[in-house]
Asks: 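Pasting a structure below so you can have a look.
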Amino acid sequence: MSDNSFGHLFRVTTWGESHGPAIGCVVDGCPPRIALSEADIQPWLDQRRPGQSKFTTQRQEPDTVEILSGVFEGKTTGTPISLLIRNVDQRSRDYGDIAERYRPGHADVAYDLKYGIRDYRGGGRSSARETAMRVAAGAVARQVLGAGVRIRGALVQVGTHAVDRARWDWDAVGDNPFFCPDPQMVPVWEEYLGAVRKAGSSVGAVVEIMAEGVPPGLGAPIYGKLDSDLAMALMSINAVKGVEIGDGFAAAALTGEENADPMRMEDGRLVFDANHAGGVLGGISTGQPLVARFAVKPTSSILTPVPSVTRSRENVAVSTRGRHDPCVGIRAVPVGEAMMACVLADHLLRHRGQTGHDPRPA
Ligand SMILES: Cc1cc2nc3c(=O)[nH]c(=O)nc-3n(C[C@H](O)[C@H](O)[C@H](O)COP(=O)(O)O)c2cc1C
């Protein structure tokens, strides 16, 4: 596989498996003289960390990040930044009984058909453990972008229960185990997911990511569109089955009048009166908030047996015993934020590289 990297000038490569000794990433292209220490990265990893509530997997991983290279006296040097997280809670034996069986909904069968070898320990490279390194790289990207660009994410739907957007409160997102922006939806999700978990089942979710303070001009025509890079980045997250920018699929049901984002001048500034486009026109940021959503499928590992086959092509039924996560969409929120940060940092550097100018306010 040579497809473990993304980004052009801010280039992230991740490596490792869920049951190896460690996972890691290399961030290449980060500009020099940017403040960076483990303390800038760890808080973001702590948000994604498993075992924090009964609604996420009970795997206990401290996910402590170590900076191995690229930083000297608290500043980036312009050389590759290598980040490492040691795997602590490996427990390969939990997976022994599925060594020969393909887990429905997982990458097991597809990897084996492609590579002809199978690391059955927790999904190997396809495990979402890899997303911890995306979050670590995202923290570096945030340092590159600076405090003027604010990237936040929220869970907006769990199963059939969507938040009421009229009650949206960003301050509430950190106060509940779901990253839920609607305080009244929290008890509903609690009861709903509690029942789903008890039944050994799972449900999907929708995550929304917003970046404010994105300067206009990021992204490039045709094959370097900001929205297409963002869609790729979000779609590459495990279990993501759909990505929307701005109004997304709902735009298909709007008229041109409803969908247009009117513009006007106010105090010498260009102002938009709506943001159906999600902050991007022609693949280039407009200065409006960049808004993306993605749909996460229900956790594949469930207690109910599902028909499957073995490596030796016998029919079996596969169910998951032990640790189980009723909605992986919850832990996907920090991952989505990180992918947005990496794409924006890459496009900021690309914009500077091509135009020679930094679009951020001085
Ligand atoms: C943060 C995160 C955690 C995940 N944890 C689990 C899990 O505990 N159990 C599971 O069945 N799938 C989990 N997944 C999803 C699987 O990794 C994913 O469905 C699988 O690798 C197949 O890939 P695909 O769904 O993208 O096709 C998780 C996804 C994310 C984003």
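Note that the numbering runs from 1 along the sequence shown for the chain. In listed order, ligands and their atoms are each counted from 1.
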Asks: Between Glu244 and Arg293, does any NZ, NE, NH1 or NH2 come within less than 4.0 Å of an OD or OE carboxylate oxygen?
Replies: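 Salt bridge present between Arg293 and Glu244.
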Asks: Looking only at non-hydrogen atoms, which of Ala239, Ser127, Ser202 approaches atom 18 (C) of ligand 1 most closely?
Replies: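 Heavy atom nearest to atom 18 (C) of ligand 1 belongs to Ala239.
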Asks: Measuring from Asn275:CG to Asp247:CG, what's the distance to the nearest 0.5 Å?
Replies: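 Asn275 CG to Asp247 CG: 8.5 Å, rounded to 0.5 Å.
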Asks: For His106, counting its heavy atoms only, list the atoms of ligand 1 lying under 4.0 Å from any of them.
Replies: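 Answer for ligand 1: 10 (C), 11 (O), 12 (N).
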Asks: What I want to know is whether Thr131 and ligand 1 share at least one N or O pair that is separated by under 3.5 angstrom.
Replies: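 Such a contact does not occur with ligand 1.
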Asks: Taking distance alone, with no angle check, do Lys297 and ligand 1 share an N/O pair under 3.5 Å?
Replies: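 By distance alone, the answer is yes.
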Asks: Salt bridge or not between Arg121 and Asp119? Use side-chain N to carboxylate O under 4.0 Å.
Replies: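 A salt bridge is present here (some side-chain N lies under 4.0 Å from a carboxylate O).
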Asks: Mind checking whether Thr299 has an N or O less than 3.5 Å away from an N or O of ligand 1?
Replies: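 No; every N/O pair is 3.5 Å or more apart.
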Asks: If the contact criterion is a heavy-atom separation under 4.0 Å, does Gly329 count as touching ligand 1?
Replies: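 Contact absent.
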Asks: Roughly how far, to the nearest 0.5 Å, is the CD1 atom of Ile117 from the CG atom of Asp112?
Replies: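 Here the interatomic distance stands at 9.0 Å.
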Asks: Could you say whether the N/O atoms of Ser126 and ligand 1 ever approach to under 3.5 Å?
Replies: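 It does: an N or O of Ser126 is found under 3.5 Å from an N or O of ligand 1.
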Asks: Just which atoms of ligand 1 are under 4.0 Å from any heavy atom in Ala128?
Replies: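 Selected atoms, number and element: 2 (C), 3 (C), 4 (C), 17 (O), 28 (C), 29 (C), 30 (C).
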Asks: Could you list which atoms of ligand 1 come closer than 4.0 Å to a heavy atom of Arg331?
Replies: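 Those atoms are 1 (C), 3 (C).
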Asks: Checking contacts here: is it the side chain or the backbone of Asp325 that comes within 4.0 Å of ligand 1, counting heavy atoms only? Could be both or neither.
Replies: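 It is the side chain that touches ligand 1; the backbone stays farther off.
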Asks: If hydrophobic residues (ILVMFWY) are linked whenever their side-chain heavy atoms come closer than 4.5 Å, directly or via other members, who joins Tyr223 in its cluster?
Replies: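 Joined to Tyr223, directly or through intermediates: Ile222.
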Asks: So that I can tick it off, tell me whether Arg165 and Glu208 are bridged by a salt bridge, with the cut-off set at under 4.0 angstrom between side-chain N and carboxylate O.
Replies: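 So Glu208 pairs with Arg165 through a salt bridge.
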Asks: Hey, are Tyr120 and Asp108 close enough side-chain-wise for a donor-acceptor pair under 3.5 Å?
Replies: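 No, no side-chain donor-acceptor pair sits under 3.5 Å.
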Asks: Between Tyr111 and Ser126, is there a side-chain heavy-atom distance shorter than 4.5 Å?
Replies: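 The answer is yes; the side chains approach within 4.5 Å.
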Asks: Compare Val240, Thr320, Ile302, Asn238 and give the one whose heavy atom is closest to atom 16 (C) of ligand 1.
Replies: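 When every heavy atom of Val240, Thr320, Ile302, Asn238 is considered, Asn238 comes closest to atom 16 (C) of ligand 1.
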Asks: Give the atom numbers and elements of ligand 1 that come within less than 4.0 Å of a heavy atom of Ser300.
Replies: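 Those qualifying, in numeric order: 11 (O).
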Asks: Within the 3.5 Å criterion, strictly below it, is a donor on Asp229 or His347 matched to an acceptor on the partner's side chain?
Replies: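 On atom types as modelled, these side chains qualify, holding a pair under 3.5 Å.
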Asks: Hey, is ligand 1 close enough to Ser301 that some N/O pair sits below 3.5 Å?
Replies: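 Yes; the residue has a nitrogen or oxygen that sits under 3.5 Å from a nitrogen or oxygen of the ligand.
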Asks: Ala107 to ligand 1: N or O pair under 3.5 Å?
Replies: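 No, there is no polar N/O contact under 3.5 Å.
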